[in-house]
Structure formats: C-alpha cells, structure tokens
Asks: 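Encoded as structure tokens, here's the structure I'll be asking about.
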Amino acid sequence: MADGYDPQAIERRWQQVWESTGTYEVDNDDPRPHWYTLCMYPYPSGSAHMGHVRNYTFGDVIVRYRTMQGYAVLSPMGFDSFGLPAENAAIRTGRHPREFTDERIVQLRSSILRIGAVYEWRRQVTSHSPEYQRWTQWIFLRLLESGLAYRRNAPVNWCPGCQTVLANEQVLADGTCERSGDAVDKRDLEQWFFKITDYAQQLLDDLDALDWPERVKTMQRNWIGRSEGAEFSMVVTDVDGAAHPEGLSIRVFTTRPDTSFGMTYAVMAPEHPAVAAVTTDDQREAVQAFVARARQASDVERMSSEGSLDKRGVFTGSFVRNPFTGRSVPLYLADYVLMGYGTGAIMAVPAEDQRDWDFAMAHGLPIVRTIEPPADFDGEAYTGEGPHINSDWLDGMGKQEAIAAAIGFLEREGIGEHRINYRLRDWLVSRQRFWGCPIPVVHCDSCGVVPVPADQLPVLAPDDVEFLPTGESPLRAHAEFLHTTCPRCGAPAQRETDTMDTFVDSSWYFLRFTDPWNDEAPFSPEAARAWLPVDQYIGGVEHAILHLMYARFFTKALADLGVAPPELREPFTRLFTQGMIRLGGDKMSKSKGNLVAPEEILDTQGADALRLAHLFVGPPQDDVDWEGVGIDGCSRFLQRVWRLARGEVGGLPVDREHTDADLAIRRALHRLIARVDEDFERWSYNTVVASFMEFTNELHRYVQADAAPEAGVLAECIDTLLLLMAPMAPHITAELWEARRGGHIHEQRWPTADPALLVVDTVTMVVQINGKVRERIEVPAGIDAGAAEELALTSARVRELLDGATIRKVICRPPNLINLVI
RNA sequence: GUCGGAGUGGCGGAAUAGGCAGACGCGCCAGCCUAAGGAGCUGGUGCCCGCAAGGGCGUGGGGGUUCAAGUCCCCCCUCCGACACCA
C-alpha cells in the first residue's frame, strides 16, 4: 500500500523540513509576544532514553502549541557536558573526556531529533565549550570580588570510591555516596564555597509567588530550614560555680528559650573549637578518646545511634552557669550536636526535647518539666503547648509570651538576643576533578589567592594529560598547567587545581541561552530581559532541591551584581516536574540495566505514536510504569486518523444542506477545541489524547452513517482535528495537512471554538429518588426548577416508583439533576 | 520519626465548583470480513441476582456532615517520595 501510513518516511522528511525552514528560530527582538520554554538540559549520556523522550515530548508540545497561538517561542537546548561519567570513562579507556563527551552529544542530539522535538539549535550551549567556561569563570570571579565566593578549610565528605569530595547533598542518608555506594568519611581540605546563606531569607520568601508544584516548594522550604529562637552565652564554671580561669563562655542556640529553666546540662559538638579549653585534666583522656572516635566515625556510624537511648557523649569536667537560674549544670560533649548548625552547642532541656531526654536517661542526668503536660500525657519529652511551671517569673505564661519574655531577659542581661537560624549551608563548589570548569585563581606565596585577569580567561584544562585511577586530579600532576606566574607580582605561583561543581554550570545556562553569541559578557541584561524569567521550566523532580535552589541563588546574585537585570529575582516562573519512568516498579535506569530503548519503537510505530503514548499513559507529573504505556493503541489511533484524513473511510462526501447530524458533529468538534485548550493549560495531556480518540470515533460513525458526509463539514472536522493534534503528533499531521491543504501545519493559526456551537439546547436530566438515579429525561437546557419538577413528576416511571408516596423535599439543580426525597 | 503525595474494574487511568462513578485506551469475549489473520470493522465487558425488564452492591477500612460524598471532616491501614539527631 503505497499511500499507507509510513511513519519512518514522513518523520525523517519533516524533521529535515523543520531544521531547514527555521520555524523555531527566534530573535530577541521578535515582535510577537515572547514565551520561554525550557527543558532541563541533559547530561550527554549517549542515545536518548525514555525519560528524555517523556521530558522533551512535554516540552515540545508546549513549544508547538504556543507557536501556533502566535507567540515567539524560545526553546533552546544544550548539554550539561561536564561531570564524572566522562572522567571515569577516561580513566577506564585512556581517552580524553572531551572526545568521549563530544561523541555523546552528537548521539544524544540526533536521538532527540528523532522524536521530533524542535529547538533553537543556533543557541546551543555546552558547559565544556571554551566560551561557556570563560563566562562561568568570569562569574566566579565576580562572586569572589563581591565576597560571595570564599575559601575555607573545612571537613568534607570524602568518597574513597570516587576519590573526591562530595557535597552534603550527594551523600545519602545512610552515609554512603549517591553514585558509588561507598561509605563516606571525613577529611579536611581548603575548599571553595559560594555564600548562598546570604540569600537564605530571600530564597525562602520568594518561593511564595512562584507557580511551582507545592511539594517542590515545600522541599525547598524544608531545605532552607528557617528556625527562630535565641542565641546566648553561658559562663563556663567549675563544679562549685566559680568562673573558668580564662573567663570562657560558650554560646548556644535554642528555639525554646522559654524552657531555659529546665536546662539540666549543656552539650557541645565534638568538633567545637573550645573543647580543649573546657576539658578538665581528669576528664582529658576520656574526652580525647571520644573526640577521636567521633571525628573518625563516618556519618553512617554517627547516625546509627539515632532513636536509641545510648546517645554517645562524654562529660568535659566543666559546667556552665544557666543565666536563668544562676545554677551551674554539667557540660557534655555529644555527637548528636552538630558543629555545622547554630553555634555547635546547645542547652539541654530533657523534659521538652526527646533527644535531650534520651541522653539524660542514658547519663543519669536530672529532668525538670517546665511545661505542664496534659493530664493524659504518657510520653517522655513533652513538646506541646501548656502553661509554664518550675520557671520562676515565666510560670503561668503561654509559649509565645514566655519566649518573648525570655529573650527580653537575655537582652537586658546583655548576653543574648533573638536569632534566626537556617539549616541551609554554604554551597561547596570545589571538586578535586579534571572534567569540570577550572576555578580561575592562582596561589602566590606573597600575594595569596589572586584572580586570573578577565582577559586571560578561560583557564582551560590541558589536553595532554594522563588519566590514571589514582583518584587525584590529573591537573595536580600537570606541571605546565600547575606552574604559572602570579598575575599581580610576577613571581612563580601555582594554579588552583580544583574545578567547579557542575551545578555551577547549570545555574546560569538559561541566561546564556538568551545571548549565546555575546563575547563581552556572559549575556547582556537586555537579552535576559527579553526572555526571562522562563515561562515554563520542565524537568525531573530529582532536581527539586539542588539545581533549582542554586539557579535561584545565581539569578539573585547576578541581578544584585548588575550582571542580570536588577528586577530579575527568580529564574523560573512556572515549573513542571514530570514523573519518572519505571519498569515493573523499579526505576528505569542504566545502572539497573532495564532500559527500554526508544529506537525500537521509533523504527516501528514511529515517533508520533511514541509521543502520544507517553502523553496518554497518565498524568504527566505521576510516575509511570513502562508496562502501562500503550504504544499499540496510539499507533492504531494514528492509522485511523490517517485513513480518515485521506478519505479512505466511509461514503463519498457531498455538498448539501446541513442536517442535524452535521450540526451534531460540528458541535462535538467545537467542544473538542474548547476542551483541548482547557486541558493544555492544566497539563492534562492524557485527557487531551482521550478526547482526540473520542472525537475520532464519533467522526468515524459520522462518515459511515447511511447519509453521506457533508463535504464542508467533514473538511472542517478533519482539518481542525489535525491542527489540534499538530503539537502532539507533529509529523503525521504535517504530512496530512500538506496533502490536503498545502503548506506547513505548524505555521497555521491555532483553532478557536465557535461559542455559538458550544451552546447546547437539550440536556439529559437525571431524576433521582432518595439520591438514586431512577429516570433520565431530555429537557431544554434553559429549563427552570418549576418546569423541571413538573416534567419529572409527570414521567410515568417516576409516578410508578413514587407510588403515591409523599414527597418531603425536592432538590432541583436544573437542567442536570432533580432529586425527590420521600 | 517529621513533612508531602497517592490508594477508583483484570490493567493504565477519567470524573475541572459536593450532583449520572468507571470517559479514553489496553486486555478479554462474541460477531463480520478473509484462503489466512498478530490487519481492519461492529458489538459487549465493575461485581452479584435475573431469560429479561429490573434490582442490589460498589472508589483502601471504619465513622461523620449532606437531599446527594471518589470529592468535605475525624480515626485507621497500605504504598511512594523528600528530609532525617537542624537544638
């Protein structure tokens, strides 16, 4: 069958047409209203997998839909091309990561093309390109200059498997590396950080106005972890309450200063700088042993005691004076207190904190309730509301009142104040890796850290390096790269060999897309203004915290530095997070070896069927099981449309007066138009496909009815259906449109529903008796309650069922429903 | 443990503002067409009783509000996700 539906032939042809006609190329000064749609740029992993297909299909539907609606749509694509897999492959094969990466970019790009997704390829960026690195480094230097980038010695997570430092977020909850699964331990290194904590409050506040999934916003809020309380100092004393000879005091943070009268001991983190000073001679040995153990213990071990009663800790020999009671309480070290949060020391109130309770029980420390629990309370620590007791001048107060009073006291005493703490930490950007963007500074013995001058950027990693599985970055071993001269004093100096976290690259790529040719700045504020914020950002929920938080931080920082427009506070107005693809309940992933290759389907049923299947299977935000993706049904549907549009089904169309059947099918068509628009707006793609199928079924019945179809009506139905389907099934609709009408379907105007055809004149009213449906009556759409009741009561069937019973109540919702209560 | 999200036929799912539960598709069954069908077309398909007309039951479980609950409220169970000693 020469003119049968042949997906391969038409798909290849149209993909070439889209590339050559430039329909989806847009300039910054395009006069149409602007719309920026962006899919998270991928790590170039080789051929596209089903997750990519799903992601880019959603994006492509929006691009084509908005374009047909008359927008200038910016839809760029790029590659997140730095990262560990390429480097690990280099170590394995000895090939340079760039060769490897470039190859995979070509592969991924062509397999993205095969699903029919269209992009503004002129604007493609890759994070490893010299131009992109130049501007990543330039931004780094601006952050350094403004104090938002800094270096400090810090204990970091060290993965022995990957031989590199991991960010906290890359360590799983059980203390293992998210990539290799090895147990992570601690090492001290000089590290570069970005001061994201300066923006903690803004990052929290600005979430409110974003049109993002609520769960993503919640995750970000939790990650920022704002907590409000008080910070204050306590004098270190000996057992008799005499002040420490050096006048030492320690600072603690608490969210419950109102419970201070219940403090029965205090705790410092084992890493606290004052540990040595507060340790008494007779406790020194025990303390040193404890500290050594805690430092060496990986997070796995440290967390393993969670929830148990044997909270590990040791007495320092010193005491601190509770400023509220004037009495001294013992000062402990315990690993449940973290140096990284608050002040690294706490006042312990076992009666109102379960962790303190557990520790107190394990160490035989006293417990004093300061909040009266309800009479039926049978738990341990009580964290609920209640009147204060055992608290002197706080007694009888409620929580809020008491907190305010306690803070007032600390302020009057001059030892403390109200304080807000965030769980969010500064962003550790150093990576001891080769395949990343080099941090553009040199270390000079006399000048210290010196930025590489902007005109010498980019600092590129050398090509002639050996990749050995030593774990050390080849940069350190590369004499030519390592040894340089200080840009400030000219003396011999060493280059920084740390590279940046790849999240740095992805924190500004969406800005570069607006101005990818700029060679004087990463992008101009005008270009950014032309497109940003991104109207629709689409990606996996796995990036809900890190990437999105970092990109938000960069946007704010760059705006404040005058690089981006100052009014640009948020990068992504609307976010959509699509669900994952699973296979038999498991996450589908390369590491699980359960990938279903898109190629198999592209080679048989074709891209349109594959796209439709992904759209149809269920709500886009939900995870789907590949087993449930019904390619066959979608393929069958497309073939039906093909035959219908080519006049291969039903009677020959004729020109004639319109009949009721013609009107009915036109009404169905216009309802479909309205429905598709509504469903597009609410991301209900699965129901859009369902309504296409429903309408096509109806159209089938129309053309196969006894009366021949009316030519004009049939043409309107088919052409409009093709237009509506064009964003989802771009190839087949383009082919059919060209054959029927000539020209490019994707350059046509999006159809609008005729309001007159949306008005219905009769509807089916259900008649309920005691809430059960007993009868259906066709009624005029404008029927009023009285007439509806009248009609219902005259129905023979209703009369029979009522059997003379007294109607106690009539609830009438004309024209849809009437309920008779007897 | 805390915070989110979900639970509807054999399966994926639909029901947008409390008003006809199960749209659409898969699968299955029957029929048509056919030399043949892994094609196409037509019809059926929540469960139970019934030849049928019809009736009863039914959205994880239990309670409640309402003329009316998949939808709202309370309690419980299960699954998924995030965080996980954050003071």
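Excluded from the calculations below are hydrogen atoms, water molecules and symmetry mates; all remaining heavy atoms, backbone and side chain alike, are included. To find a chain, count down the sequence lines: A is the first, B the second, and so on, and within it residues start at 1.
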Asks: Would you tell me if any nitrogen or oxygen in the side chain of A:Q220 comes within less than 4.0 Å of OP1 or OP2 on B:rC83?
Replies: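 A:Q220 to B:rC83 OP1/OP2: no side-chain N or O under 4.0 Å.
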
Asks: Can you sort out the partners of A:Y685 under side chain to side chain donor-acceptor pair (under 3.5 Å), two or more places apart, ordered by chain and number?
Replies: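 With neighbours one apart ignored, the set is empty.
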
Asks: For A:R808, what residues pass the salt bridge (Lys or Arg N to Asp or Glu O under 4.0 Å) criterion, not counting sequence neighbours?
Replies: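 Counting only residues at least two positions away or on another chain, A:R808 forms no salt bridge (Lys or Arg N to Asp or Glu O under 4.0 Å).
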
Asks: Sequence neighbours left out, what passes side chain to side chain donor-acceptor pair (under 3.5 Å) with A:D706? Give chain and number order.
Replies: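 So A:D706 forms no side chain to side chain donor-acceptor pair (under 3.5 Å) with any residue.
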
Asks: Side-chain N or O of A:K772 versus OP1/OP2 of B:rC57: is the shortest distance under 4.0 Å?
Replies: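 The answer is yes; a side-chain N or O of A:K772 sits under 4.0 Å from OP1 or OP2.
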
Asks: Looking at A:R774, does any N or O in its side chain come under 4.0 Å of the phosphate oxygens OP1/OP2 on B:rG55?
Replies: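 For A:R774, the contact criterion (side-chain N or O under 4.0 Å from OP1 or OP2 of B:rG55) is met.
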
Asks: Is there a donor and acceptor pair closer than 3.5 Å between the side chain of A:R215 and the base of B:rG5?
Replies: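 Flag unset: no donor-acceptor pair detected.
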
Asks: Return the set of residues passing side chain to side chain donor-acceptor pair (under 3.5 Å) with A:H700 (not counting sequence neighbours), or none when no residue passes.
Replies: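 Side chain to side chain donor-acceptor pair (under 3.5 Å) check on A:H700 returns nothing, list empty.
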
Asks: Between protein and nucleotides 16-18 of chain B, what N or O pairs are separated by less than 3.5 Å?
Replies:
unit_1: B:rU16; atom_1: O2; unit_2: A:E678; atom_2: OE1; d: 3.4
unit_1: B:rU16; atom_1: N3; unit_2: A:E678; atom_2: OE1; d: 2.9
unit_1: B:rU16; atom_1: O4; unit_2: A:R675; atom_2: NE; d: 3.2

Asks: Using side chain to side chain contact (heavy atoms under 4.5 Å, CB included) as the criterion, list what pairs up with A:R701, not counting sequence neighbours.
Replies: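 Partners of A:R701 by the side chain to side chain contact (heavy atoms under 4.5 Å, CB included) criterion, ordered by chain and then number, come out as A:N697, A:E698.
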
Asks: Report the residues that fulfil salt bridge (Lys or Arg N to Asp or Glu O under 4.0 Å) with A:R667, sequence neighbours left out, ordered by chain and then residue number.
Replies: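 So A:R667 forms a salt bridge (Lys or Arg N to Asp or Glu O under 4.0 Å) with A:D761.
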
Asks: Taking salt bridge (Lys or Arg N to Asp or Glu O under 4.0 Å) as the definition, give me every residue that meets it alongside A:R369, ordered by chain and number, with sequence neighbours left out.
Replies: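 Partners of A:R369 under the salt bridge (Lys or Arg N to Asp or Glu O under 4.0 Å) test: none.
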
Asks: For the residue pair A:W427 and A:Y550, does the interplanar ring angle fall in the parallel (under 30°), tilted (30 to 60°) or perpendicular (over 60°) class?
Replies: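 Rings of A:W427 and A:Y550: parallel, under 30°.
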
Asks: Let me spell it out: for each of A:Q639 and A:G633, pick the nucleotide of RNA chain B with the closest heavy atom. Which residue's pick is nearer the 5' end?
Replies: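 The residue mapped nearer the 5' terminus is A:G633.
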
Asks: Test of understanding: with salt bridge (Lys or Arg N to Asp or Glu O under 4.0 Å), list the residues that count as partners of A:E778, not counting sequence neighbours.
Replies: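 If we apply the salt bridge (Lys or Arg N to Asp or Glu O under 4.0 Å) test to A:E778, skipping adjacent residues, there are no hits.
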
Asks: Under 6.0 Å between the ring centres of A:F637 and A:F616?
Replies: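 Ring centroids of A:F637 and A:F616 are no less than 6.0 Å from each other.
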
Asks: Using a cut-off of under 3.5 Å, enumerate the N/O to N/O pairs linking the protein to nucleotides 6-12 of chain B.
Replies:
unit_1: B:rG12; atom_1: O2'; unit_2: A:V617; atom_2: O; d: 2.7

Asks: Go through the structure and list residues passing side chain to side chain donor-acceptor pair (under 3.5 Å) with A:D426, not counting sequence neighbours.
Replies: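 Side chain to side chain donor-acceptor pair (under 3.5 Å) list for A:D426, sorted by chain: A:Y150, A:T197.
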
Asks: Does a nitrogen or oxygen in the side chain of A:R423 sit under 4.0 Å from OP1 or OP2 of B:rC83?
Replies: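 No, outside the criterion.
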
Asks: Under a 3.5 Å cut-off for both contacts, is B:rC26 paired Watson-Crick or G-U wobble with anything, and if yes, with which nucleotide?
Replies: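 Pair assignment: B:rC26 / B:rG10.
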
Asks: Mind checking who B:rG4 pairs with, Watson-Crick or G-U wobble, both distances under 3.5 Å?
Replies: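 B:rG4 is paired with B:rC80.
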
Asks: May I ask you to verify if any side-chain N or O of A:R813 is less than 4.0 angstrom from the OP1 or OP2 atom of B:rC67?
Replies: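 Result: no.
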
Asks: Scan nucleotides 30-33 of chain B against the protein and return all N/O pairs shorter than 3.5 Å with their distances rounded to 0.1 Å.
Replies:
none

